[in-house]
Amino acid sequence: MDQTRLPSYISSENIGPWRIFLHQIEQVAPLLEPALHPWVETLRRPKRSLIVDVPIRLDNGEIAHFEGYRVHHNTSRGPGKGGIRYHQDVTLSEVMALSGWMTIKNAVVNVPFGGAKGGIRVDPRQLSLAELERLTRRYTSEISSMIGPDKDIPAPDMNTNAQVMAWMMDTYSMGEGRTVTGVVTGKPLALGGSLGRQDATGRGVFVTAREAGRRLGVALDGARVVVQGFGNVGEASARMFAQAGAKVIAIQDVSGTVYNPAGLDVAALRSYYAANRSLLGAPGTDALGNEEFWALPCEFLVPAALESQINRYNAGQIDARIVVEGANGPTTPEAEAILAERGITVVPDVLANAGGVTVSYFEWVQDFSSYFWSEDEINARLDRIMTEAFNAIWQLAEERKLSLRTAAFVIGCTRVLAARETRGLYP
Ligand code: GLU
């Protein structure tokens with residue numbers, strides 16, 4: 001498909017993630033089987049969206065209010081599934097987009113879930129641990145009508161973690177009068193969490209990068225890797241690239257960029273980051289400006305932070321062979337067209353970062369059966385699912401001359417809309 005001819009609204013300065021999601025649906029709609037066309041509108045309309053006020057008492061005695069959201073984009077294939085994000089820029093339309101991407105992602109890796117997402121507009125760094133717990137518990141209580149182990153299962157996302165999931169699980173369980181471990185995934189191991197979940201998204205990024213490299217003749221050994229983000233996804237994928245013999249030459253996070261052309265010591269950076277809450281100044285690294293970061297020649301570029309990081313301003317400078325989207329929505333449509341023109345392959349978010357929700361699915365299954373698998377088994381199953389999903393998308397992209405993103409959307413949307421069509425319209 002000609003991605004260089006974009007509708008004019010895409011060229012506006014900042015179209016936001018929901019418009020980008022709608023644009024992706026427009027791209028894929030004509031490629032779907034005609035029988036599914038009447039149902040495409042379903043994807044343009046989230047099934048239900050909840051906005052909640054989350055008041056909490058601060059440690060100093062004052063009361064503060066935060067706005068929270070939970071969106072079920074689609075539940076045609078099963079209960080809603082998707083993370084909870086705490087960030088000062090969270091909006092309803094961002095959560096809608098993230099829930100839409102979850103619908104596609106869950107269908108791409110064929111886990112039996114619909115798409116959902118939640119979030120609170122809060123800068124969690126400004127809160128104490130006790131305030132964060134009160135915020136999480138009140139938010140969980142406010143969205144309790146939306147969630148449940150066979151209804152909608154939250155998980156960690158940006159700035160939420162296993163501890164936050166433990167508080168959510170406990171709050172929901174108190175309301176139910178029994179322990180319901182399956183209501184959230186990404187929990188601590190002691191509370192029905194799964195081995196391998198912590199690293200799962202990064203592992204999936206690594207597996208899809210490996211497969212893309214295999215197809216394009218880019219060896220991992222000695223490959224230069226540039227990573228944006230040093231959270232759960234960026235850190236784990238950087239570590240796995242390094243273990244496979246690649247050189248992680250630069251990592252950027254909110255504090256800045258660290259660079260070493262001979263390859264960064266990812267394990268040492270992790271300890272440094274844990275102690276200093278910043279990458280800058282880590283031994284054996286140089287600082288690098290933002291523009292130089294995006295222009296670094298590399299084989300793999302992994303955006304693993306926020307949306308729209310690869311955009312019209314930096315896409316022309318990017319000198320990577322393969323972009324692997326660890327984040328959700330990191331590349332704008334305009335940037336994607338520029339990358340395509342320049343022969344840079346993009347492994348899309350709905351495939352590349354699906355490892356997290358895939359192991360969330362394993363966790364949910366383990367909780368239901370109260371039977372827990374070994375880490376080797378989990379990693380092997382994850383690798384298999386990601387590789388099979390990659391192969392199916394690659395093959396379709398070749399056959400129909402599509403970008404990997406459009407091919408992924410064809411597969412994902414077909415699964416969702418076929419389920420929708422077969423279920424039929426109620427009443
Ligand atoms: N927040 C992750 C994502 O964006 C994981 C969601 C989940 O495990 O439900 O895919």
Side-chain angles (χ1 to χ4, degrees), residues 17 21 69-75 77-87 90 94-120 143 146-162 164-165 168-169 181-188 192-194 196-205 207-208 229 231-234 236-237 303-307 324-330 347-367 378 382 385-386 389 408 412:
F21 177 74
Y69 314 93
R70 186 73 186 169
V71 175
H72 293 174
H73 175 262
N74 186 287
T75 57
R77 301 178 64 253
K81 183 92 193 77
I84 306 275
R85 174 172 294 199
Y86 289 175
H87 193 272
V90 166
E94 181 193 28
V95 176
M96 283 160 58
L98 291 165
S99 70
W101 286 321
M102 286 309 304
T103 298
I104 309 298
K105 186 188 307 187
N106 291 336
V108 160
V109 284
N110 216 358
V111 292
F113 295 128
K117 200 81 175 197
I120 307 180
I143 65 162
M146 294 273 275
I147 63 175
D150 44 16
K151 212 167 164 184
D152 171 17
I153 306 104
D157 196 76
M158 190 173 283
N159 296 329
T160 56
N161 56 21
V164 172
M165 293 306 116
M168 290 192 75
M169 191 278 270
T181 54
V183 66
V184 288
T185 58
K187 298 179 296 293
S194 176
R197 176 62 185 84
Q198 180 77 24
D199 281 351
T201 313
R203 186 175 297 279
V205 167
V207 168
T208 54
N232 189 38
V233 184
S237 51
L306 276 169
E307 298 94 318
V324 193
E325 294 185 332
N328 292 307
V347 184
D349 48 7
V350 291
L351 168 65
N353 72 34
V357 75
T358 301
V359 177
S360 276
Y361 167 58
F362 298 161
E363 180 174 334
W364 183 74
V365 170
Q366 292 172 83
D367 286 343
I378 285 160
L382 171 63
I385 288 179
M386 297 297 293

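Whatever order the structure lists ligands and atoms in, that order sets their numbers, starting from 1. Numbers for residues simply follow the sequence, beginning at 1.
- Remark: minimum distance from atom 7 (C) of ligand 1 to any protein heavy atom is reached at Ala155 CB, 3.3 Å.
- In terms of protein heavy-atom proximity, atom 8 (O) of ligand 1 is closest to Ser360 OG, 2.6 Å.
- Lys187 contributes atom NZ, which lies 9.0 Å from atom OG of Ser194 (distance to the nearest 0.5 angstrom).
- The ligand atoms of ligand 1 that sit less than 4.0 angstrom from a heavy atom of Gly83 are 1 (N), 6 (C).
- Close contacts of ligand 1 with Asp157, meaning ligand atoms under 4.0 Å from a residue heavy atom, involve 1 (N), 2 (C), 4 (O).
- Contacts with ligand 1 closer than 4.0 Å are made by side-chain heavy atoms of Lys117 only, the backbone lying farther away.
- Within the 3.5 Å criterion, the main-chain N or O of Pro149 finds a donor-acceptor partner in the side chain of Trp364.
- Looking only at side-chain heavy atoms (C-beta outward), His73 and Met102 stay at 4.5 Å or farther from each other.
- Considering backbone and side-chain atoms together, Pro156 places an N or O closer than 3.5 Å to an N or O of ligand 1.
- With hydrogens and angles ignored, the 3.5 Å screen pairs a side-chain donor or acceptor of Arg77 with a backbone N or O of Val111.
- Of all the atoms in ligand 1, the ones that sit under 4.0 Å from a non-hydrogen atom of Met102 are 3 (C), 4 (O), 6 (C), 10 (O).
- Atom 9 (O) of ligand 1 has its closest protein heavy atom at Lys81 NZ, 2.7 Å.
- Of all the heavy atoms of Thr201, none lies under 4.0 Å from any atom of ligand 1, so neither backbone nor side chain is involved.
- No donor-acceptor pair closer than 3.5 Å links the side chain of Asp349 to the backbone N or O of Glu325.
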Notebook entry, point to check: After noting the C-alpha distance and the side-chain angles of Ile84 and Arg70, does the key distance pass the side-chain contact (heavy atoms from CB on, under 4.5 Å) rule?
Noted result: CA-CA 8 Å; Ile84 306 275; Arg70 186 73 186 169; 3.4 Å; yes
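- Judged by distance alone, the side chain of Thr181 and the main-chain N or O of Gly192 form no donor-acceptor pair under 3.5 Å.
- Expressed to the nearest 0.5 Å, how far NZ of Lys117 lies from CZ of Arg85 amounts to 5.5 Å.
- The shortest heavy-atom distance from Arg197 to ligand 1 is under 4.0 Å.
- The shell of residues lying under 4.0 angstrom from ligand 1, judged by heavy atoms, includes Lys105.
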